[in-house]
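Read through the structure below, which is laid out as structure tokens, and then see the notes.
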Number of protein chains: 4
Amino acid sequence: MTRQPDPRRRNEQSRRAILQAAAELCVQVGFAATTVEGIAARAGVGKQTIYRWWPSKAAVLLEYMQDLRAATADFLDTGDVLTDLVAQTTAVQRLLTSDAGAIWRGLLVTAQTDDAAASGVRELIERAIDDGRARLATAQRDGQIRADVDLDIAVELIFGPLYHAWLLRARTLPEQHMAEVLRTLFAGLAPTPA
Amino acid sequence: MTRQPDPRRRNEQSRRAILQAAAELCVQVGFAATTVEGIAARAGVGKQTIYRWWPSKAAVLLEYMQDLRAATADFLDTGDVLTDLVAQTTAVQRLLTSDAGAIWRGLLVTAQTDDAAASGVRELIERAIDDGRARLATAQRDGQIRADVDLDIAVELIFGPLYHAWLLRARTLPEQHMAEVLRTLFAGLAPTPA
Amino acid sequence: MTRQPDPRRRNEQSRRAILQAAAELCVQVGFAATTVEGIAARAGVGKQTIYRWWPSKAAVLLEYMQDLRAATADFLDTGDVLTDLVAQTTAVQRLLTSDAGAIWRGLLVTAQTDDAAASGVRELIERAIDDGRARLATAQRDGQIRADVDLDIAVELIFGPLYHAWLLRARTLPEQHMAEVLRTLFAGLAPTPA
Amino acid sequence: MTRQPDPRRRNEQSRRAILQAAAELCVQVGFAATTVEGIAARAGVGKQTIYRWWPSKAAVLLEYMQDLRAATADFLDTGDVLTDLVAQTTAVQRLLTSDAGAIWRGLLVTAQTDDAAASGVRELIERAIDDGRARLATAQRDGQIRADVDLDIAVELIFGPLYHAWLLRARTLPEQHMAEVLRTLFAGLAPTPA
DNA sequence: CGCTAATCGAGACGGTACGTCTTGTCTTTTG
DNA sequence: CAAAAGACAAGACGTACCGTCTCGATTAGCG
């Protein structure tokens with residue numbers, strides 16, 4: 001039974017230094033080589049100060065990503081769903097290939113193993129998916145998407161290829177790739193019956 | 001300058017014991033908790049015998065997956081592409097949720113960090129993708145897929161959602177899920193112009 | 001450039017447990033079979049705690065011997081040098097045939113190879129020799145030893161046979177052996193000129 | 001139950017190459033760093049060829065020392081025991097400080113631990129001691145040594161300081177050191193009663 | 001404004017696994 | 001078909017981090 005610390009006395013400066021140091025280290029040396037010890041050293045902080053407030057390095061970096069997301073604009077709605085999806089997926093793709101991409105990749109990796117990390121990560125993912133589904137629902141109401149399309153499936157058809165390419169194939173895709181994916185997706189694979 | 005060992009003198013029995021032990025351990029205790037030391041102990045083998053032939057535990061398990069794939073049937077061609085894709089994706093999904101899934105998940109995780117592992121993993125992935133694209137090419141020639149569809153994109157639209165659901169959402173999907181995904185994909189999202 | 005630890009924060013309890021465990025192991029299984037790993041396990045201590053403070057198992061056991069010596073009475077001075085030498089050499093002989101003898105033997109062995117150990121060992125040896133020489137100097141001043149005797153040589157004549165018998169001949173000598181050696185030594189080998 | 005090999009089929013050339021290689025390695029890199037593997041490599045011989053005929057590297061080097069001793073002149077007898085002892089101890093001292101000294105030192109070290117080696121080493125030592133005692137016996141008969149001197153003790157008084165200085169103090173002693181030791185030994189430490 | 005209790009930086013601690021090294025035996029290939 | 005070459009099982013080596021713990025020294029919040 002460990003006593004939990006008093007958040008009022010928490011040193012906000014340390015918190016920011018830790019998040020910053022963790023992110024920088026992760027970008028510079030990679031997620032795996034980032035150690036709690038290293039984060040503490042770079043942040044000029046004792047190891048215990050990290051363990052007092054976070055259960056693991058993944059939790060630290062997850063908080064970094066949450067802060068980052070909080071500072072990010074939401075899904076737009078221009079009226080044209082295809083335009084909006086291109087904008088959104090392009091934005092996601094830019095994130096994945098930026099510095100934060102290395103962190104996010106590390107978190108996804110950790111989530112495969114660590115249940116605590118997994119639930120935090122999943123929360124972020126589901127929020128993005130919910131946003132996407134909401135935009136699709138609007139489009140469906142407006143007749144831009146067939147009425148019989150299952151939106152849960154549709155949203156996975158959109159994000160699936162994006163993550164597949166990034167996580168499993170490690171290729172830097174051209175920006176217009178997602179546009180083509182979306183066009184193909186909207187048109188379908190089957191030939192139109194004559 | 002480390003001398004490389006002579007493969008002709010390799011003990012095939014040890015090799016198999018190591019692959020088997022690695023796979024079993026990975027299933028039982030998880031990829032992360034699987035250690036080279038543990039594999040050696042379970043296989044009744046010296047640690048050096050592992051390090052002599054493989055650079056890491058990931059390489060061992062990669063070889064296990066390669067052997068597994070070599071013993072696996074290829075893509076069928078019944079004439080109906082949708083039927084074949086359902087069969088294939090269902091088979092993949094079964095693999096992912098089987099014991100080997102835990103190993104494959106671990107390898108995908110490792111590939112995010114370890115370049116050597118990454119190239120081996122990517123080779124397996126690309127082979128599966130190539131097989132898929134080949135089947136789609138046949139279907140396109142037979143008029144079951146529109147002539148203007150980019151098959152590279154099509155194949156990613158197929159496998160993307162599958163891996164997205166498995167890796168990022170950790171849900172066990174019903175078997176018919178992939179069938180619905182494929183139907184939606186063939187039909188497209190856009191309403192058919194009246 | 002390895003940072004050296006702060007001795008003020010050292011855990012004295014661990015230090016003692018390590019010295020004790022090392023000594024016991026050495027006695028039970030022999031110096032060669034005593035491993036740092038074994039010492040750590042028996043002392044209930046992490047390996048790193050040993051490596052933090054000592055460079056090798058020899059250094060640990062050397063410290064044990066130093067502690068032991070510090071707790072040992074000095075050369076007596078009863079006025080009669082022969083009596084005192086018999087007392088001292090008997091005490092040394094008892095040490096050599098006691099448990100500590102196994103440790104000391106191991107250290108002497110290690111000192112033949114390992115320069116760092118050698119200098120620590122030599123320090124202990126020279127201290128004993130200096131003590132002996134000091135007692136002889138007093139005896140020489142008192143006329144119990146001829147004025148022209150080189151005391152450096154005399155002290156080596158005293159300890160030399162003792163170590164020769166113990167190290168090279170591995171025989172357990174009777175306690176009175178040293179008394180006879182000393183008598184012979186004082187009387188000389190040559191017949192007294194008539 | 002290991003079958004012992006047939007000595008008639010033994011390759012004398014390999015035997016010599018192994019002894020030579022072992023001695024050279026020992027001199028060049030030290031006894032501890034000399035490995036059976038290294039000896040085999042340098043002698044152009046398989047490891048098993050060494051293990052077939054010798055139980056350990058110590059046994060190989062012991063055989064080298066035995067061969068060396070067989071090729072060495074015996075104790076002289078000029079009629080003056082002090083002269084002869086000076087000659088003999090000087091010769092020993094030269095051996096100890098020569099290349100062979102490193103080998104001999106290694107064997108003495110090994111003998112502290114390894115019983116098999118110990119008995120071989122002890123045999124060599126005892127032979128030298130017996131030779132010395134025999135010369136002293138002659139001297140005693142000739143009246144050059146007091147009749148009541150215990151020759152077992154006398155011989156240890158002679159070799160003891162020599163080995164003590166060499167093994168425990170690691171100093172290179174001047175050649176005349178032993179002459180002075182012997183003079184002191186013959187004269188005794190006690191002042192001649194007036 | 002001072003007291004006091006918690007947080008802070010620092011780092012030693014008991015552990016686990018790493019990847020390397022060496023030992024003596026066993027096995028394969030070669031001359 | 002014997003010997004060289006070297007793969008093998010075993011296990012200690014010294015290192016890197018883990019997550020916990022114990023220090024004094026601030027420092028924040030209550031009295």
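Within every chain, numbering begins at 1; the chains are lettered A, B, ... in the order of the sequence lines, protein sequences first and strands thereafter.
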Practice task
Determine whether the side chains of C/Gln28 and C/Glu24 contain a donor N or O and an acceptor N or O closer than 3.5 Å.
Solution key: no
Exercise for the section: Please report the C-alpha distance between A/Asp115 and A/Arg122 in whole Å, then the side-chain angles of each, then the deciding distance to 0.1 Å, and finally whether the salt bridge (Lys or Arg N to Asp or Glu O under 4.0 Å) criterion is met. Expected result: CA-CA 10 Å; A/Asp115 282 351; A/Arg122 193 134 57 244; over 6 Å; no
Problem - Gap between atom CG of D/Leu124 and atom CG of D/Leu107 - 0.5 Å precision - result: 8.5 Å
Fill in the blank from the handout: Interatomic distance, CH2@D/Trp104 vs CG@D/Leu61, rounded to 0.5 Å, equals 11.5 Å
Base, sugar-phosphate or nothing for [X]? Non-hydrogen atoms, less than 4.0 Å.
X	answer
D/Trp54	nothing
C/Ser14	sugar-phosphate
B/Arg8	sugar-phosphate
B/Gly44	sugar-phosphate

Practice task
Name the residue closer to the 5' end of DNA chain F, choosing between A/Thr34 and B/Ala43 according to the nucleotide with the nearest heavy atom.
Solution key: B/Ala43
Exercise for the section: Select from A/Ala33 and C/Tyr51 the residue whose nearest nucleotide in DNA chain F is closer to the 5' end of that strand. Expected result: C/Tyr51
Can you tell which of [options] lies closest to the side chain of [X]?
X	options	result
B/Arg9	E/dG11, E/dT27, E/dT7	E/dT27
A/Asp6	E/dC13, E/dA6, F/dG14	E/dA6
B/Glu37	E/dT23, E/dC8, E/dA17	E/dA17

Whole-Å gap separating [atom2] ([N]) and [atom1] ([X]):
X	N	atom1	atom2	result
C/Ile50	F/dA12	CD1	P	14 Å
C/Arg15	E/dC13	CZ	P	12 Å
A/Arg52	E/dG11	CZ	C1'	14 Å
B/Ile39	E/dC18	CD1	C1'	13 Å
D/Lys57	E/dT22	NZ	C1'	10 Å
A/Gln13	E/dC8	CD	P	11 Å
B/Asn11	E/dT29	CG	C1'	15 Å
C/Lys47	F/dC13	NZ	P	7 Å

Problem - Quiz item: cation-pi between A/Arg15 and A/Trp53, 6.0 Å / 45° - result: no
Problem - Side-chain N or O of C/Thr49 closer than 4.0 Å to phosphate OP1/OP2 of E/dA12 - result: no
Problem - C/Trp53 side-chain N/O to E/dA12 phosphate OP1/OP2 under 4.0 Å - result: no
Exercise for the section: Please tell me which of C/Gly46 and A/Val45 maps to the more 5' nucleotide of DNA chain E, matching each residue to the nucleotide holding its nearest heavy atom. Expected result: A/Val45
Exercise for the section: Identify, between C/Ile18 and A/Ala41, the residue whose nearest nucleotide on DNA chain E lies closer to the 5' end. Expected result: A/Ala41
Practice task
Measure distances between side-chain N and O atoms of A/Gln48 and base N and O atoms of E/dC8, and say whether any donor-acceptor pair falls under 3.5 Å.
Solution key: no
Exercise for the section: Give a yes or no on whether the backbone of A/Ala40 and the side-chain of A/Lys47 come within a donor-acceptor separation of less than 3.5 Å. Expected result: no
